[in-house]
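Throughout, a chain's letter reflects where its sequence line sits, starting with A, and its residues are numbered from 1. Treat the numbers as computed from the prediction; the structure is a model and nothing was measured.
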Amino acid sequence: MDVQSLAGDSVDNVPGAPGIGIKTAALLINEFGSLEELLDRAGEIKQPKRRETLIDNRAQIELSKRLVSLDCDMPMETTLEELEVRDPDPDTLLGFLTEMEFRTLTRRIADALKVEPPAIKDEMPGGAEAAPETAPEMLPFDTSAYEHVQDRAALDRWIAEIRELGYVAFDTETTSLDEMVAELVGVSLSTAPGKACYIPVGHTLGTDDLFGGTERADGQMPLEEVLAALAPILADESILKIGQNIKYDAKVLANYGVSVHPIDDTMLMSYALNAGQHGHGMDALSERYLGHNPIPIKDLIGSGKSAITFDRVPVADAVRYAAEDADITLRLWQLFKPQLHRQQVTSVYETLERPLVPVLAQMERTGIKVDRDTLSRMSNAFAQQMAGLEAEIHELAGGPFNVGSPKQLGEILFDKMGLPGGKTGKTGAYATGADVLEDLATEHELPRRVLDWRQIAKLKSTYTDALQDHINRETGRVHTSYVQTGANTGRLASTDPNLQNIPVRSEEGRRIREAFVAEEGKVLVSLDYSQIELRILAHIAGIEALKDAFRQGQDIHAATASEMFNVPLAEMTPDIRRQAKAINFGVIYGISGFGLARNLRIPRAEAQGFIDRYFERFPGIRDYMDATKAFAKEHGYVQTLFGRKIHTPEINAKGPTAGFAQRAAINAPIQGTAADVIRRAMIRMPDAIEGLPAKMLLQVHDELLFEVEAGAADKLIAVAKEVMESAAEPAVRMAVPLIVDAGQGANWAEAH
DNA sequence: GTCCTCACG
DNA sequence: ACGTACGTGAGGACC
């Protein structure tokens, strides 16, 4: 059987979806020599549908892997031969590779054969700009039609159908939003629109009983039996598990020893398709794409302090709610899957979103050890310092007030004490931010004291107090959650707790990192990209002077200062360098005279002069900014080097909104490309460090933190550094080196 | 719930 | 004339 006949024989899982996913994937697999094995395995399976699904799922997994390390070991001649003989449609390939990857691939093939690379069309047929449409003939939602599964025969029927089908949408109901403590209450499954079931396993009775929630509700199978029956399905590589934010369900089930693989995630599909356009929560997606408002969870568990846990929800109500969620997820998946290709974000989803899920799940479950005693001691010390400062502040103010209230502070400073410059914001309140107090500090002692008080109050409430509450009772570690769709640019967000904003800039704050420790006999290793965003800017905008400075390993801010102010590097002063640094950051953020002036505390005209000079010396920057704005205005989105789309719906707005949108559009490809790079590193990391006694713990945008047995730290640094520095390759050949700095120590303060 | 403030990259 | 640096999350005050 050759590739063509395989492609012709295969269909996509989704009705109406183009069947080229399998063709392209199979073609690539053939290139890498694993098709035979695939076909052997598929041949053992009798049911045609399941055979196709196996091929498709395996193909997708292989494709993900291969795209991430596309040409590391590619047999170049074979590829060209295959491409010529099979004549794959470039548009088809473009749907799976980013344009950049495809261009790289074709260019290399052409180079090898010394021929001209083929012309590549820029736009996809079918309209890359087309908005996802809702299903034309959608089955109405009927929550009374969902099945309550409560015996083995019924469960077996569902399992048999799922095995035949090769995919299932599923959802778990639990007792907590915190996966590390959540207990499984039930599982819902859906195999077709309108067809869904709920399998309750942990519902209790007596919601009004003070000691209620302990007596087991009727109509349930034992949890162990259900998990034992479902586990083979959930771990079966030929059965795709579809979820909405499936990382949550996978983490809960992992605590029961059940692995979930392979997966698709409608939340991540929505993000790949529509980052910047709208939210990706299920309720919003359901309303937008299915025209259906799901049953609000509030209707079942209430809200606020009186909210109950899901185990106390009556089983009959839970069936409707839970099965509906699985039903919605399945319908969204059917809508989104073909859209990925049409919008040319398949490779974004396949290489940057889908494979990151298990990596993040593992990091979150691992957690990081935090020393409670250290935090507790710091909290006590902070409390004392705050009390002392508060007394001084009240003394200076001539009476007591709530130092933590910006409103009261503003009245004290500007009304009572009559200090200058009391500016009110949009809401009519006095501004008392750090920059304002900093200026006032020259007038009076009080603002400085308030600044000190605020710094300590922040450290205590947000860090030394709050972090203690996040130490898991069983693991003794802190387990953050990463939100993969948290930032429109492709960055992650960290919540509950946020471990991406642990203090580092101030000496006092940095000490909090001493509480983040390695286990006995281990060390923490921190690796961070040096100036990655400026390097990406130099690459994207093609600024020769910047590229040269990076290639020569120069101090980039000093080099910028030298170029701008005509100061030889040998005569560079810290202050000139500081100004150039601010300008470099400003460029990344979509610079404005006002913003730079405020940041540097210089007159606006002077700041504008700096910017003009900068554009003069680095003209490519202005070209990049103009081109990016023009692209956003024309297309409604901007792109990273790896094909990620960030939509800019406000780009054509009038008024101040336009400025915001333009600066965001300028920043997004830079910040987003950096985010893509570290994602690629993270996805490759588990395989790269396999066999080393090391675990990846945290990501902080341009930094990865590991815990490793002390004796293996140097080896880990060597391996992980290489993965990070080569993470853009081979999809993107950077014109400047990506450099990673490393550190190690007993705690995060030492490692950083 | 919203605003203000401030922690990070 | 206007009002601005990009991207986040969390805690406390206040309505």
task: Could you check whether A:F660 gets within reach of a base, just the sugar-phosphate, or nothing at all, counting any heavy atom under 4.0 Å?
output: sugar-phosphate
- prompt: To the nearest 0.5 Å, how far apart are CD in A:Q500 and OG1 in A:T495?
  reply: 9.5 Å
message: Are A:F610 and A:F565, when compared by the centres of their aromatic rings, separated by less than 6.0 Å?
response: yes
- prompt: Contact class for A:N599 (heavy atom, under 4.0 Å): base, sugar-phosphate, or nothing?
  reply: base
- prompt: Rounding to a whole Å, what distance do you find between A:L534:CG and C:dC6:C1'?
  reply: 13 Å
message: Heavy atoms only, 4.0 Å cut-off, all strands: where does A:R510 land among base, sugar-phosphate and nothing?
response: nothing
message: So A:A597, base contact, sugar-phosphate only, or nothing? Heavy-atom distance under 4.0 Å.
response: nothing
- request: Using a strict cut-off of less than 4.0 Å between a Lys/Arg side-chain nitrogen and an Asp/Glu carboxylate oxygen, indicate whether A:R449 and A:D452 qualify as a salt bridge.
  value: no
message: What I want to find out is whether A:E364 reaches A:K247 closely enough, with some N-O distance under 4.0 Å, to be called a salt bridge.
response: yes
- prompt: What are the residues of residues 736-752 of chain A, sorted by number, that bring a heavy atom to within less than 4.0 Å of DNA chain B?
  reply: none
task: Please confirm whether the backbone N or O of A:M378 pairs with a side-chain atom of A:R511, one donor and one acceptor, at under 3.5 Å?
output: no
Flag for A:S526-A:R513: side-chain donor and acceptor within less than 3.5 Å: no
Verdict with reasoning, A:R679 to A:D676, per salt bridge (Lys or Arg N to Asp or Glu O under 4.0 Å): CA-CA 5 Å; A:R679 278 176 179 234; A:D676 291 347; 5.1 Å; no
- prompt: Taking it one step at a time, do A:E533 and A:R491 satisfy salt bridge (Lys or Arg N to Asp or Glu O under 4.0 Å)?
  reply: CA-CA 13 Å; A:E533 292 193 356; A:R491 273 197 180 177; 3.5 Å; yes
field: Gap between atoms CD1 and P, on A:I583 and C:dC6 respectively (whole Å)
entry: 18 Å
message: If I take atom CD in residue A:E533 and atom C1' in nucleotide C:dG7, what distance separates them, rounded to the nearest angstrom?
response: 9 Å
field: Leading and trailing nucleotides of DNA chain B with any atom under 4.0 Å from heavy atoms of chain A
entry: B:dC3 to B:dG9
task: Measure from CG on A:D435 to P on C:dT4 and round the result to the nearest Å.
output: 12 Å
task: Quickly work out the A:L600 CG to C:dA5 P distance and round it to whole Å.
output: 14 Å
task: Check whether any side-chain N or O of A:R491 sits under 4.0 Å from OP1 or OP2 of C:dT8, and answer yes or no.
output: no
- prompt: Reckon A:A429 touches a base, only the sugar-phosphate, or nothing at all at heavy-atom distances under 4.0 Å?
  reply: nothing
task: Enumerate the residues from residues 478-489 of chain A whose closest heavy atom to DNA chain B is under 4.0 Å, giving them by residue number; use none for an empty result.
output: none
- request: State whether A:R448 and A:E392 are salt-bridged, where the test is any N-O pair (Lys NZ or Arg NE/NH1/NH2 against Asp/Glu carboxylate O) under 4.0 Å.
  value: no
field: Exam field: side chain A:H635 to backbone A:F631, donor-acceptor pair closer than 3.5 Å
entry: yes
- request: Describe the nucleic acid contact of A:P503 in one word from base, sugar-phosphate, nothing, applying a heavy-atom distance below 4.0 Å.
  value: sugar-phosphate
query: Going through the distances and angles, do A:K458 and A:E508 end up as a salt bridge (Lys or Arg N to Asp or Glu O under 4.0 Å)?
result: CA-CA 11 Å; A:K458 176 78 176 182; A:E508 301 88 331; over 6 Å; no
Paired stretches of DNA chain C - 3 or more consecutive Watson-Crick or G-U pairs, each distance under 3.5 Å: B:1-9 with C:6-14
query: With sugar-phosphate meaning primed atoms plus P, OP1 and OP2, does A:I502 contact a base, only sugar-phosphate, or nothing at under 4.0 Å between heavy atoms?
result: sugar-phosphate
task: Go through the side-chain N and O atoms of A:D612 and A:Q608 and say whether any donor and acceptor fall under 3.5 Å apart.
output: yes
message: Need one value for A:G659: base, sugar-phosphate or nothing, where a base atom within 4.0 Å counts as base even if backbone is also close, heavy atoms only.
response: nothing
- request: Decide, yes or no, whether a salt bridge links A:D439 with A:R601 under the criterion of side-chain N to carboxylate O below 4.0 Å.
  value: yes
field: Rounded distance in Å - CD1 (A:I666) to P (C:dC6)
entry: 10 Å
message: As a test of understanding, state which of A:K407, A:E411, A:R454 forms a side chain to side chain donor-acceptor pair (under 3.5 Å) with A:T432.
response: A:R454
task: Provide, to the nearest angstrom, the distance between the CD1 atom belonging to A:I588 and the P atom belonging to C:dT8.
output: 16 Å
message: Would you measure the distance from the P atom in B:dT5 across to the matching atom in C:dC2 and give it in whole Å?
response: 23 Å
Side chain to side chain donor-acceptor pair (under 3.5 Å) involving A:R617 - partner list, sequence neighbours excluded: A:N566
query: If we take the C1' atom in both C:dA5 and B:dT2, what is their distance in whole Å?
result: 24 Å
- request: Identify which one of A:L409, A:L440, A:L437 satisfies the side-chain contact (heavy atoms from CB on, under 4.5 Å) criterion when paired with A:L446.
  value: A:L409
statement: Between CG of A:D702 and P of C:dG7 the distance, given in whole Å, is 17 Å
query: Any side-chain N or O of A:R663 under 4.0 Å from OP1/OP2 of C:dT4?
result: no
query: Between the side chains of A:S405 and A:N402, does any donor sit under 3.5 Å from an acceptor?
result: no
- request: Could you tell me how the ring of A:F414 sits relative to the ring of A:Y430: parallel (under 30°), tilted (30 to 60°) or perpendicular (over 60°)?
  value: tilted
task: Considering only atom C1', compute the distance from C:dA1 to B:dC6 and round it to an integer number of Å.
output: 32 Å
message: Over all strands shown, is A:R454 touching base, sugar-phosphate only, or nothing at heavy-atom distances under 4.0 angstrom?
response: sugar-phosphate
Per-nucleotide protein contact string for nucleotides 10-15 of chain C, where B marks a base within reach and S marks sugar-phosphate only (heavy atoms under 4.0 Å, - for neither): BSSSS-
